[in-house]
Amino acid sequence: MKRADIAPFLTAISANNPTPQTELLYSTPFSLLVAVVLSAQTTDAAVNKVTPALFAEAPTPQTMAALGAARIGHHIRTIGLWQTKAKNVAALAQLLVERHNGVVPADREALEALPGVGRKTANVVLNEIFGQATMAVDTHIFRLGNRTGLAPGATVRAVEDGLVTRIPKSMLRPAHHWLILHGRYLCKARKPECWRCPGAQFCTFTPKTPAPDAL
DNA sequence: ATCCCGAGGG
DNA sequence: CCCTCTGGAT
């Protein structure tokens with residue numbers, strides 16, 4: 001049984017979902033990696049508030065390792081899960097120095113061996129920094145892939161494989177941002193706003209939620 | 001109240 | 001598979 005093509009869905013939702021410029025805010029592989037680790041279960045706004053001062057004081061793995069978990073914690077104490085993240089970032093920086101000469105590895109196994117880096121974070125780094133054909137499946141994209149029928153799967157890996165297989169390699173990076181924003185602001189877990197969804201005609205979700213009655 | 005641009009541990 | 005860690009958004 002043939003599945004619907006993802007391309008028209010992506011084209012439809014791309015119109016109202018601009019691509020964020022993470023690469024401009026975090027210009028080095030190390031700063032992007034740390035920023036992504038800090039972003040787990042936390043909004044970008046909260047992370048972006050603490051990272052400037054943190055990276056001003058410790059822009060490299062060497063300086064970050066020297067900073068230590070306690071002072072890293074002081075910098076990031078306003079974001080969620082900050083105690084765990086401070087510990088992880090300190091250990092992560094230390095491991096980068098010890099094992100990888102202070103260079104962020106372009107290798108999945110090496111990345112996932114770093115504390116605070118799971119599959120989703122590794123996929124973001126591999127895609128954003130090294131241009132590899134990966135799709136970082138978070139809860140939004142997992143839900144959207146299943147709900148729309150465009151990339152159904154019982155596990156994160158199944159959805160990930162479906163998306164990577166069906167989306168052209170050159171489109172994976174913008175598609176990642178469009179799908180996440182679409183899932184967060186429109187195809188929401190609670191009240192998906194199908195009546196204003198530009199991709200509704202390519203989606204198998206039923207029943208599509210109707211527009212609330214006009215006032 | 002509930003969920004999340006998760007990961008680690010049991 | 002389950003749970004916990006946490007602040008913020010809705």
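Since the model is a prediction, treat every value here as computed from it, not as a measurement.
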Query raised in the report: Between B:dC3, B:dG6, C:dT6, which one does the side chain of A:R190 approach most closely?
Result: B:dC3
Query raised in the report: By a strict heavy-atom criterion of less than 4.0 Å, which residues belonging to residues 105-117 of chain A are in contact with DNA chain B?
Result: A:L114, A:P115, A:G116, A:V117
Report summary line: Within residues 86-97 of chain A, those residues having any heavy atom closer than 4.0 Å to DNA chain B are none
How many whole angstroms separate atom [atom1] of [X] from atom [atom2] of [N]?
{"X": "A:D138", "N": "B:dG6", "atom1": "CG", "atom2": "P", "answer": "6 Å"}
{"X": "A:F142", "N": "B:dC4", "atom1": "CZ", "atom2": "P", "answer": "11 Å"}
{"X": "A:Q41", "N": "C:dT6", "atom1": "CD", "atom2": "P", "answer": "13 Å"}
{"X": "A:K120", "N": "B:dC4", "atom1": "NZ", "atom2": "P", "answer": "13 Å"}
{"X": "A:K191", "N": "B:dC4", "atom1": "NZ", "atom2": "C1'", "answer": "17 Å"}
{"X": "A:L81", "N": "B:dC4", "atom1": "CG", "atom2": "P", "answer": "15 Å"}
{"X": "A:L33", "N": "B:dG6", "atom1": "CG", "atom2": "P", "answer": "15 Å"}
{"X": "A:L38", "N": "C:dG7", "atom1": "CG", "atom2": "C1'", "answer": "14 Å"}

Could I get a table of every N or O pair under 3.5 Å where one atom is in the protein and the other is in nucleotides 8-10 of chain C?
none

Query - Pairwise side-chain contact, A:L38 with A:I79, heavy-atom cut-off 4.5 Å (strictly under) - result: yes
Within a 6.0 Å radius of atom [atom1] on [X], are there more than 12 heavy atoms belonging to other residues, nucleotides or ligands?
{"X": "A:K87", "atom1": "NZ", "result": "no"}
{"X": "A:H100", "atom1": "NE2", "result": "yes"}
{"X": "A:R108", "atom1": "CZ", "result": "yes"}
{"X": "A:Y185", "atom1": "OH", "result": "no"}

Query raised in the report: CD1 of A:I13 to CZ of A:F202: how many Å apart, nearest 0.5 Å?
Result: 11.0 Å
Query - Which residues share a side-chain hydrogen bond (donor to acceptor under 3.5 Å, both in side chains) with A:N48, sequence neighbours left out - result: A:Y26
**Report entry** For A:R143, all residues meeting side-chain hydrogen bond (donor to acceptor under 3.5 Å, both in side chains), sequence neighbours excluded
**Finding:** A:H140
Query raised in the report: Base, sugar-phosphate, or nothing: which does A:R143 touch, judged by heavy atoms less than 4.0 Å apart?
Result: sugar-phosphate
Query raised in the report: Using atom P of each nucleotide, how far apart are B:dG6 and C:dT10 to the nearest Å?
Result: 15 Å
**Report entry** Exercise: identify the closest heavy-atom pair between A:A106 and A:Q132
**Finding:** O-NE2, 3.3 Å
Report task. Check side chain to side chain contact (heavy atoms under 4.5 Å, CB included) between A:D107 and all other residues, then give those that pass, not counting sequence neighbours. Result -> A:E109, A:A110
Query raised in the report: Within the structure, does a side-chain N or O atom of A:T121 lie under 4.0 Å from either OP1 or OP2 of B:dA7?
Result: yes
Query - Result of checking A:V137, A:I141, A:T139 against A:I180 for side chain to side chain contact (heavy atoms under 4.5 Å, CB included) - result: A:I141
Query raised in the report: For the residue pair A:H75 and A:F55, is the inter-centroid distance of their aromatic rings smaller than 6.0 Å?
Result: no
